[in-house]
Amino acid sequence: MKKILIALLLLLATNTFAQTQTANYFKLTREGFNEKNAYATTAFVEKYFRVPGNSGFNASIHHVEDILKKAGYVEQKSNEFEAPLTYRIEKRPMKRNTWEPINASVQIVGENRPLIAYQTNRNMIPINCPSTPAGGVTAEVVFVGKGTTADFEGKDLKGKIVFGDVATGRLVGAAAKAGAIGAMGYSMPKYTQPEVHQTSIQFSSMQANAGIWSLLLSYGVKEKLKAACLKGKVELKVEIETKIYEAEELTIVANIKGSVKPNERFVYSAHVQEPGANDNATGVGTLAEMARLTASLIKSGKLKPQRTLTFLWGDEIVSTGRYISEDKERAKGILWGMSLDMVGEDTQKTGGTFLLEKMPDPSAIWTRGTDKHSEWGAGNVQEKDLFPHYYNDFIFDICKAQGKFANWTVNYNPFEGGSDHTPFLQNKIPGLLMWHFTDVFYHTDNDRIDKVSATTMKNVGISALTAAYTLVTADESTASFTVAQVKADALVRLKTEFELSKKAIADGKDATTEKHIVEVWGKYYTDALATIGTMAVDPKTTRVGSAIKVATLEVEKQMQIYLEQLK
């Protein structure tokens, strides 16, 4: 009894210390994160239509560079650890030309005002679209309905403009073949509510060197033009000005050297390309302020990371994937990855709640109860793809703590993919995504700075920094506390899944299948608990190993109790 009491007191003291450590990091980040800085950077970046290599993309990279330099990062000359705070800009020749829009307008001949113009709809020009001749072109527009083969048959389209109630990309090939000079179409997903937000256009691209130009239309413009075409002959004057040129692709990487294990690191990634404010100028702005604050805490002596912190800005998925694959030794030391993508939403305007996208766990296979996928859509996750790790619960619990403190709504979704967390996972590195969905302005030219919340960026930045600070300074106390935390989350999840399976069996579902779901969840969490053994910078496996063993037995025992009750 005495030994048990001592062990319980030791565990209590350990957990209290770990809680105090995280609470201190919360205090530092809550006091130090300047949301005005994050918002100002977002406002700078969102001015540009950003494609890798173009002037807006590069201006954004150099704007981040200026922030880093002012914060005390020095440009790397020989290696990333030659100073405590370093940064570098990587330059690579691009295999394809870059592209940027300059201006565009469409006017119905005989009307005084443009039907649509670049000043209000900069997504109207698809990426890779060429310019029209100087002064524009005037030609008849021909409505081809849904753009089927039958819709094209019997129509003289040579020298004319093809217009359809269908995605522009589906018209270009047939229009070029028919001798048309351009194509215009419309396509918007339902979750963007195009009938409500009638000026929205989602950005898209067209094949380079397609031989014709093309434009994207909003719901309101499409309806107006269709109505005019159905009444009789319509001529349009179209002017498009774009630039297509050779360029270099830039990536900027900043490092804060760990004092004990510099080759082990936490890596943040925020992509620069895409033309929106929330997507992803907010990621750029939030991460830039996170890097600035971290440098300030380092210089003041308030933060002493024992592992390295890395901040990366570049081309979505491409830059992160390259960072991992280009240096195998460096990749071995990446212990955690975090993607910041669409992290500044004013949710009252966009409708999208904050989400932590989890690494593949069983909810990505059996999505039920309160779990749900976003409109982005589920991936094809199978049991072999599951990634058991403490990281899911650790980060989500940090976010929930900030949510409770700041009255900030925090939620999660099962794994879906599609952002900078994916390359981490593909390389067997724990990787998570911080984002918002469903956003009715997602990928549209209505995703502007007025839809951004500085407060949201602060909440995200605080959560992301507090989690990383805790992990790069983790000791036995941190690991032991995490064991208790993950065990508690495991027991809650098992109870939830048991109740769902119990009801499913009562409703006539196969008992074997339902028991299997509970078993997979149990195995997922026992495997996740095992990963905590390497959390501490200097792991002393005896104490933490014992805690993991006890927690594992408790989870397994509870799972067996539930399985016996499922009949």
Side-chain angles (χ1 to χ4, degrees), residues 38-68 89-104 118-129 200-206 208 216 241-253 268-289 311-322 339-345 418-420 435 439 441-452 457:
Y39 189 87
T41 301
T42 300
F44 176 89
V45 174
E46 76 97 30
K47 293 185 301 184
Y48 300 102
F49 194 114
R50 305 173 304 277
V51 173
N54 77 5
S55 61
F57 186 99
N58 293 349
S60 301
I61 290 287
H62 289 299
H63 189 78
V64 171
E65 179 187 23
D66 289 342
I67 292 169
L68 295 175
I89 294 181
E90 300 175 351
K91 300 179 180 180
R92 296 174 176 83
M94 295 179 63
K95 295 179 180 179
R96 287 181 279 184
N97 289 337
T98 191
W99 176 91
E100 64 183 273
I102 305 299
N103 202 3
Y118 178 77
Q119 284 73 18
T120 54
N121 287 97
R122 66 179 181 179
N123 286 1
M124 67 183 286
I125 317 175
I127 297 168
N128 297 322
C129 180
S200 287
I201 301 175
Q202 283 198 322
F203 77 85
S204 188
S205 62
M206 65 178 291
L216 313 173
E241 184 182 358
T242 62
K243 288 184 179 180
I244 301 173
Y245 53 94
E246 293 183 357
E248 291 180 314
E249 179 203 333
L250 305 184
T251 301
I252 186 165
V253 183
Y268 295 107
S269 183
H271 67 88
V272 178
Q273 102 295 338
E274 296 190 4
N278 276 307
D279 193 9
N280 186 37
T282 56
V284 175
T286 302
L287 190 58
E289 174 57 13
F311 306 84
L312 183 152
W313 296 261
D315 185 12
E316 187 173 18
I317 298 178
V318 173
S319 293
T320 302
R322 188 168 51 214
S339 171
L340 301 180
D341 188 355
M342 300 171 63
V343 293
E345 309 250 339
S419 190
D420 281 297
W435 72 315
D439 176 353
F441 304 115
Y442 173 66
H443 277 188
T444 78
D445 36 24
N446 278 316
D447 177 15
R448 299 267 65 83
I449 193 67
D450 63 304
K451 312 303 189 308
V452 171
M457 287 191 284

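Heads up: numbering here begins at 1 and tracks the sequence.
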More than 12 heavy atoms from other groups under 6.0 Å of CZ on Arg96:
no
Spatial distance of atom OG1 (Thr42) from atom CD (Glu289) [nearest 0.5 Å]:
10.5 Å
Tell me every residue that passes ring-ring contact (aromatic ring centres under 6.0 Å, His included) with Phe44, counting only those two or more places apart in sequence or in another chain.
Tyr48, His63
Is there a donor-acceptor contact under 3.5 Å from the side chain of Thr98 to the main chain of Asn54?
yes
May I ask you to check whether Phe57 and Trp313 place their ring centers less than 6.0 Å from one another?
no
Indicate the atoms forming the closest heavy-atom contact of Thr242 with Cys129, along with that distance.
OG1-O, 2.9 Å
Less than 4.5 Å apart, any side-chain heavy atom of Asp315 and any of Thr251?
no
Taking NZ, NE, NH1 and NH2 as the nitrogens, is one of them in Glu249 or Arg322 under 4.0 Å from a carboxylate oxygen of the other?
yes
Output yes when a side-chain donor or acceptor of Asn128 lies under 3.5 Å from a complementary backbone atom of Met206, and no otherwise.
yes
Determine, step by step, whether Leu68 and Ile252 satisfy the side chain to side chain contact (heavy atoms under 4.5 Å, CB included) criterion, reporting the C-alpha distance in whole Å, the side-chain angles of both residues, the deciding distance to 0.1 Å, and the verdict.
CA-CA 10 Å; Leu68 295 175; Ile252 186 165; 3.8 Å; yes
Which residue, Thr444, Asn446, Asp445, forms the side-chain hydrogen bond (donor to acceptor under 3.5 Å, both in side chains) with Asn121?
Asp445
Tell me the closest heavy-atom pair linking Trp99 and Pro126, and the distance in Å.
CZ2-O, 3.3 Å
Do His62 and Leu250 have side-chain heavy atoms sitting under 4.5 Å apart?
yes
When the ring planes of Tyr268 and Phe311 are compared, do they come out parallel, tilted or perpendicular, using 30° and 60° as the limits?
parallel
Shortest non-hydrogen contact from Asn123 toward Phe203:
ND2-N, 3.3 Å
For the student: nearest non-hydrogen atoms of Leu312 and Ser319, plus distance
CD2-CB, 4.1 Å
Atom pair OG/CG of Ser269 and Leu287 - distance to nearest 0.5 Å
8.0 Å
Please check if any side-chain donor atom of Gln202 sits under 3.5 Å from a side-chain acceptor atom of Tyr442, or the reverse.
no
Do Trp435 and Glu345 come within less than 4.5 Å of each other through their side chains, counting heavy atoms only?
no
Is the shortest heavy-atom distance from the side chain of Asp447 to the side chain of Met342 under 4.5 Å?
no
Side chains of Gln273 and Val318, heavy atoms from C-beta outward: is any pair under 4.5 Å?
no
Distance-minimising heavy-atom pair for His271 and Asn280
O-ND2, 3.0 Å
Would you call Asp279 and His443 a side-chain contact if the rule is heavy atoms closer than 4.5 Å?
yes
State the CD-CD1 distance between Glu90 and Ile61, to the nearest 0.5 angstrom.
10.0 Å
How about Asn278 and Lys451: do any of their side-chain heavy atoms sit closer than 4.5 Å?
yes
Tell me if the CD atom of Gln119 is crowded by more than 12 foreign heavy atoms within 6.0 Å.
yes
Give the C-alpha distance, both sets of side-chain angles, the deciding distance and a yes or no for side chain to side chain contact (heavy atoms under 4.5 Å, CB included) between Tyr245 and Glu100.
CA-CA 9 Å; Tyr245 53 94; Glu100 64 183 273; 2.3 Å; yes
Taking every non-hydrogen atom, the tightest pair across Val284 and Ala270
N-CB, 4.0 Å
